[in-house]
Amino acid sequence: MDDDARLSREQAEGLRHARELEGHLSWLDAFTPAALGVLAVASGIYTYLGVSSLLDDTGALSFFAAVAYSVAVSVGIFVFWSYLLRLLPAVRTASARVGLFMSMGLGSLAIVAMSSWLNAAALAGAAAVEQHLAATVQDYQDALEDAHFNALSAQALEQDVTRVRQSFEDLSEQEATGDLSGIAGRGAVFRVLRQKSAELLALEEQIAALEAPIDQAFAEGNAILSRMRALTVERGPVEARSVAFSEEAVRLAGVITQLRQLSAAPFVERAARDLAASVVLPELDGSSAEIRNGQAATITSVLEVLGQRAETLEAAASAVIALTPPAEITYTPLSAADAVIRYARNFVPSWAGAIAIDLLPAVLVFILMVVQAAIRGGRAPVSVENAITLGELRAAMVALKDVEAMERAEPGAAPPRPAPHVLEVPPRDNAERS
């Protein structure tokens, strides 16, 4: 008997808890649709802003197209979550819940695809475009510095050319005093050495002439980069700044190409190849066969040294040519939506807010599922006749009296019209619930 009484108290407590939760749900149902509508409208507004950034035309047709799309998104979000708020907490079988969960996942993906990314574009579109401009400026700066470094490396070949030229001039001085071939004077050997030193001097002057254009091009490139950085952080519509940025990017690309063309390495390499191959041998002017043989032997030695110097100079020029060329940078304007997608990692809070405003009702769905399960758990051990309230009992008794009156009516006569009654549900105090 004690066990039955204890069980009845547990059932009464569970039933009282279930009715309390039902009362809370009744109060929450009064404003849940309005709250869901506000979320849907807010998402539609940001969707409209995102769609407007994608449309090039600003006419009436584009305006109505953006409005129609945003309205469709708002209605779709409201209807979708209204279905789930009502149906998913109410189903009881596992198969039905799995099916509705799959439907909710598919619908959430559709909402993200048609709305959330546009919301993110509206929230962080301008900042994402500025991020794209800043990244492009950095790419152009790297390309400009690489082109300038390669050009300066080619200018450093002037020292190698000077060293080779100086060696031939020293040899010519030795030949003039007779220390090279043993015959003093400015004969055939002297003329060969002077011929090559003159070629190297011309090459040296050609390299030195490129120094001023290189410095000028680098200074111009830095000035353009400064203007591009200013456009990146300048106030005002980002679309207008993107147009000016694009013009500066074209100018900077031309400067980088100019720096690549000002490299002295290619023609130093060609000159080094021709240094030993294009030797005009003068006529041996020795007074005797012995002297002429000595001149020929000396010229042969000079040509060997010339070949070695040419190989060294060519290797130095080839090393400069083998340097990594500057990257080919092309500025591509991006819309706000495309920029948000490309630089999504930099705008995680904006993406989170854009997705949350669309998928927040999913949390309400889970809350309702938990509460409905608790209500069913409180009502399940109690039979229907024990779970009925006093108000429901009164209504049932009135309905029973109406049925009995209809049965007592004479056959063929019109049944008496039941007296109207008002169902008054008394407050569910603790006495009634128990």
Separation between [atom1] of [X] and [atom2] of [Y], rounded to the nearest 0.5 Å:
| X | Y | atom1 | atom2 | value |
| --- | --- | --- | --- | --- |
| Ile329 | Leu144 | CD1 | CG | 11.0 Å |
| Ser318 | Leu323 | OG | CG | 11.0 Å |
| Glu205 | Glu158 | CD | CD | 9.5 Å |
| Leu259 | Leu210 | CG | CG | 11.0 Å |
| Ile207 | Gln159 | CD1 | CD | 10.5 Å |
| Asp338 | Trp117 | CG | CH2 | 7.0 Å |

Heavy-atom check, side chain of [X] versus side chain of [Y], under 4.5 Å:
| X | Y | value |
| --- | --- | --- |
| Asp215 | Glu211 | yes |
| Leu231 | Leu133 | no |
| Val137 | Phe245 | yes |
| Val371 | Pro89 | no |
| Tyr48 | Val67 | yes |

Pair Phe80-Leu84, side chain to side chain contact (heavy atoms under 4.5 Å, CB included): steps then yes or no: CA-CA 7 Å; Phe80 174 74; Leu84 289 177; 3.4 Å; yes

Heavy atoms of other groups near [X] [atom1], more than 12 under 6.0 Å:
| X | atom1 | answer |
| --- | --- | --- |
| Gln141 | CD | yes |
| Arg97 | CZ | yes |
| Gln216 | CD | no |
| Phe64 | CZ | no |

His132 side-chain N/O to Thr332 backbone N/O, donor-acceptor pair under 3.5 Å: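 Yes; judged by distance alone, with no hydrogens or angles, the pair exists.
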
Taking all atoms of both residues into account, what is the closest heavy-atom pair of [X] and [Y], and its distance?
| X | Y | answer |
| --- | --- | --- |
| Tyr331 | Ser242 | OH-CB, 3.9 Å |
| Ala154 | Ser263 | CB-OG, 3.4 Å |
| Asn150 | Thr324 | ND2-O, 3.2 Å |
| Ala316 | Asp160 | CB-OD2, 3.7 Å |

Salt-bridge present (Arg227, Glu248; N to O < 4.0 Å):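 Judged by the 4.0 Å cut-off on N to carboxylate O distance, Arg227 and Glu248 do form a salt bridge.
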
SB check Arg241 Glu130 (cutoff 4.0 Å):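 Yes, this pair counts.
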
Reference residue Trp81; test side chain to side chain contact (heavy atoms under 4.5 Å, CB included); the match among Leu364, Leu39, Leu36: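 For Trp81, the side chain to side chain contact (heavy atoms under 4.5 Å, CB included) check succeeds only for Leu36.
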
Side-chain H-bond candidate by donor/acceptor type, Ser43 with Asp358, under 3.5 Å: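 Yes, Asp358 and Ser43 have a side-chain donor paired with an acceptor closer than 3.5 Å.
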
Candidate pair Ile256 and Tyr140, rule side chain to side chain contact (heavy atoms under 4.5 Å, CB included), full reasoning: CA-CA 9 Å; Ile256 294 174; Tyr140 272 114; 4.0 Å; yes

Arg251/Val255 under side chain to side chain contact (heavy atoms under 4.5 Å, CB included): CA gap, chis, key distance, verdict: CA-CA 6 Å; Arg251 296 190 185 96; Val255 172; 5.7 Å; no

Worked check of side chain to side chain contact (heavy atoms under 4.5 Å, CB included) between Phe101 and Leu88: CA-CA 8 Å; Phe101 270 122; Leu88 188 53; 4.1 Å; yes

